[in-house]
Amino acid sequence: MLFSKMFIPTMKEDPKEAEVISHRLMLRAGFIRRLAPGIYTWLPLGLKSVQKVERIIREEMNKKGAQEILMPFVQPKELWVESRRWDKYGKELLRFTDRNKRELCIGPTHEEVVTDLVRKEVRSYKDLPLTLYQIQTKFRDEIRPRFGVMRAREFSMKDAYSFDVDEKGAEKSYMDMYDAYGKIFDRCGFKFMVVEADTGQIGGSFSHEFMVLADTGEDIIISCESCGYAANLERAEVGFASKPVQRKKGEFNKVETPGQTKVGEVASFLGVSPDKLLKTIIYNTDKGVIGVLIKGDREINETKLKNLLCLDYLELADEGTIERVTGSPPGFSGPIGLSIPLYADRDVELMEDFVVGGNEKDIHITGVNKDDFNVSGFYDLKIARNGDKCPNCSGTLSSTRGIEVGHIFKLGLKYSEAMHAVFLDSDGKERFMVMGCYGIGVTRIVAAAIEQGHDENGMILPLAISPFEVDVLPVNSSHRESMEFGEQLYKELLEKGVDAIFDDRDERPGVKFKDCDLIGIPIRVTIGEKNLKEGYIEIKLRHEKTSQRMKKGEAIERVIECVKRTTHQ
RNA sequence: CGGGGCGUGGCGCAGCAUGGUUUAGCGCGCUUGCCUUGGGAGCAAGAGGUCGCUGGUUCAAAUCCAGUCGCCCCGACCA
């Protein structure tokens, strides 16, 4: 491709709308343009990068025997009612009505459609296992899209679905995908981590997320270096010491704490540290009002709570409910004398002589111990953090940030039961198919690559997903020999299968260098007038500071060598 | 949905508190010519704006008032 002919609108200045690095650089380098919030057009350069990602994904999927299909992005309401997600999915599901008053939605995911397809077409165990995938545009009407294509409403996703005759087969399919994902992200040049994750909206029994490590990542990963335990924050469990407490019952006292409603306020008012306080948090749930007890300096992990109690709905109670249940305004709730079910974090078992709310305005109670009130049990309910004990070994947990680029779920029978996806086994018995589903954020991968690779001059893209592998750059565009040599070199590279671009523009060198760096092309071949006269050219790698001077006759060979080396690293 | 902010040539912004000397200005980009060619050069000449929209106040509105639309940021939310 000739640079002069390609539509590459680069920008020197930072666009106002972009705050994160990948978003800013993708706009500046002419990868994307915004059409509406969370909706982007992919320009030639960005699209090339996306297509390279897609190619890697297809190759690895196909290697595992997964077969590509393409499902519609508009889906009928009926299927979603059948899976019971029409009501459950919430506002992210964009719904609309056609001229015949049929209700439809734009697919945020395709479990329903694929399950419908397979249940209609597959009858026999002989047709299983089956893994189908597609690369398709999804739409999720995010409350607040941000960070460019990182959290867009419209985005491209690879989604695969596996159907097996039994658990064992499903596990094999799951592991195949797990393996393929590792290969895909390796080939994309990522530093990544696989973590245990919550199954969320998709549902199912267990799941793993593939996280690209980046300081700017939206997700927090909790991991243990000693045993390799890794989970996302929602899911992360915490280990507990088994130190027995001395005091079980206390001689507690009411104290006046006028106007002190927050943990910090009460603690400093009473002259104790926040971890001597016990918070009593009141929730409204689909199973009634409940209370959760947790140490004053910690937060409740609502995902763990939901999973523990099998809740569909969980929300902090409003002021009215709190007053009705505790008899006092918010800020003075405590466990003593409450009649609602109370669930305590396991930390509470280890606390002695602590402070709780008095269930009375401006009153707290000190010197409380765990047998002074009744709880339904002690569970792991807090949000894990740096320094907590590992749940699996004696190690310590630490937290890092990541960008979720892949997520695999073992669905089990959730959709096959709901939508009656069955087959006949070898005994002629009807059985439910065991399913799994596997997603990769295709467009997000490009953003993640930039978050992981950039400097003050622009992107530093891995060769495998860079829009071009090599930029052939003559310094002086009015020097005929430079231009001729450059063009020749460029053509030969193309013939050898190298994805090269030739910067034939009549621009000053600075402009060309800056653009090349901004776009992050991994290999630059610089053709300078003086060097050329002496029989030399230069090769510079984007991620290295200095360039190498070499004989012009060796250029092709050396460039190809660079491409190969970078591909296999 | 709550809180904050912003809408002025393609992009980034100034002007607005105190309406009128502003013919709405600056930087980048764009066009043409000259010049220049190892890090977004220089000189010269140009093109390009219903000041988001609607209504109001006024002799006079980018500027004041009301409404409205759009966007961005923080939060709740979330594959």
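Numbered from 1 within each chain, the chains take letters A, B, ... in sequence-line order.
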Rounded to the Å, how far apart are [X] [atom1] and [N] [atom2]?
X      : N     : atom1 : atom2 : result
A:Y40  : B:C71 : OH    : C1'   : 11 Å
A:D503 : B:G38 : CG    : P     : 15 Å
A:I527 : B:U37 : CD1   : C1'   : 15 Å
A:K540 : B:G39 : NZ    : P     : 14 Å
A:R28  : B:C11 : CZ    : C1'   : 12 Å
A:Y438 : B:A79 : OH    : C1'   : 17 Å
A:K512 : B:U36 : NZ    : P     : 17 Å
A:E315 : B:A76 : CD    : C1'   : 10 Å

[atom1] gap between [N] and [M], integer Å:
N     : M     : atom1 : result
B:U8  : B:C51 : C1'   : 4 Å
B:G15 : B:C26 : P     : 15 Å
B:G49 : B:A24 : P     : 12 Å
B:A45 : B:U50 : P     : 25 Å
B:G25 : B:A41 : P     : 26 Å
B:C1  : B:A66 : C1'   : 24 Å
B:U23 : B:A62 : C1'   : 15 Å
B:A47 : B:G29 : C1'   : 13 Å

**Report entry** A:S478 vs A:I143, nearer the 5' end of RNA chain B by closest nucleotide
**Finding:**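 Nearest nucleotide further toward 5': that of A:S478.
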
Requested in this report: Tell me which of A:A18 and A:T526 sits closer to the 5' end of RNA chain B, going by the nucleotide each one is nearest to.
Outcome: A:T526

Charged N-O contact under 4.0 Å between [X] and [Y]:
X      : Y      : answer
A:E60  : A:K64  : no
A:R524 : A:E544 : no
A:K5   : A:D504 : no
A:E299 : A:K382 : no
A:E534 : A:K530 : no

Tell me what [X] touches on the nucleic acid: a base, only sugar-phosphate, or nothing, going by heavy atoms under 4.0 Å.
X      : result
A:R153 : nothing
A:N457 : nothing
A:E538 : base
A:E13  : base
A:P37  : sugar-phosphate
A:R444 : base

Any N or O donor-acceptor pair linking the side chain of [X] to the base of [N] at under 3.5 Å?
X      : N     : answer
A:N476 : B:G38 : no
A:D515 : B:G40 : yes
A:R146 : B:C73 : no
A:R524 : B:G39 : yes

Please determine if a side-chain N or O atom of [X] lies less than 4.0 Å away from the OP1 or OP2 oxygen of [N].
X      : N     : answer
A:R151 : B:C78 : no
A:R140 : B:C78 : no
A:K12  : B:G29 : yes

Counting side-chain heavy atoms from CB outward, which of [options] is closest to [X]?
X      : options             : value
A:D506 : B:U37, B:C78, B:C72 : B:U37
A:E92  : B:C72, B:G39, B:C77 : B:C77
A:D517 : B:G39, B:C72, B:U37 : B:G39
A:E404 : B:C72, B:G40, B:A79 : B:A79
A:R508 : B:G75, B:A41, B:G40 : B:A41

Query raised in the report: With distance as the sole test, does A:Q452 use its side chain to make a donor-acceptor pair with the main-chain N or O of A:L213 at under 3.5 Å?
Result: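 Yes; at least one donor-acceptor contact below 3.5 Å.
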
Query - A:E237 (side chain) donor-acceptor with A:D380 (main chain) under 3.5 angstrom - result: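 Side chain of A:E237 to backbone of A:D380: no pair is present.
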
Requested in this report: Could you classify B:A17 for me, syn or anti, using a glycosidic angle within 90° of 0 as syn?
Outcome: syn

Query - Parallel, tilted or perpendicular: rings of A:F210 and A:F185 (30°, 60°) - result: tilted

Query raised in the report: Taking the inter-plane angle between the rings of A:H208 and A:Y178 on a 0 to 90° scale, is it parallel (under 30°), tilted (30 to 60°) or perpendicular (over 60°)?
Result: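 Ring orientation of A:H208 relative to A:Y178: perpendicular.
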
Query raised in the report: Just by distance, with hydrogens left out, do A:H407 and A:Y181 show a side-chain donor and acceptor under 3.5 Å apart?
Result: no

Requested in this report: Report the secondary structure of RNA chain B in dot-bracket form, marking unpaired bases with a dot and bases paired to a different strand with |, and treating Watson-Crick or G-U pairs with both distances under 3.5 Å as paired.
Outcome: ((((((((.[[[[.)....(....]]]].(((((.......))))).....[[[[[..)....]]]]])))))))....

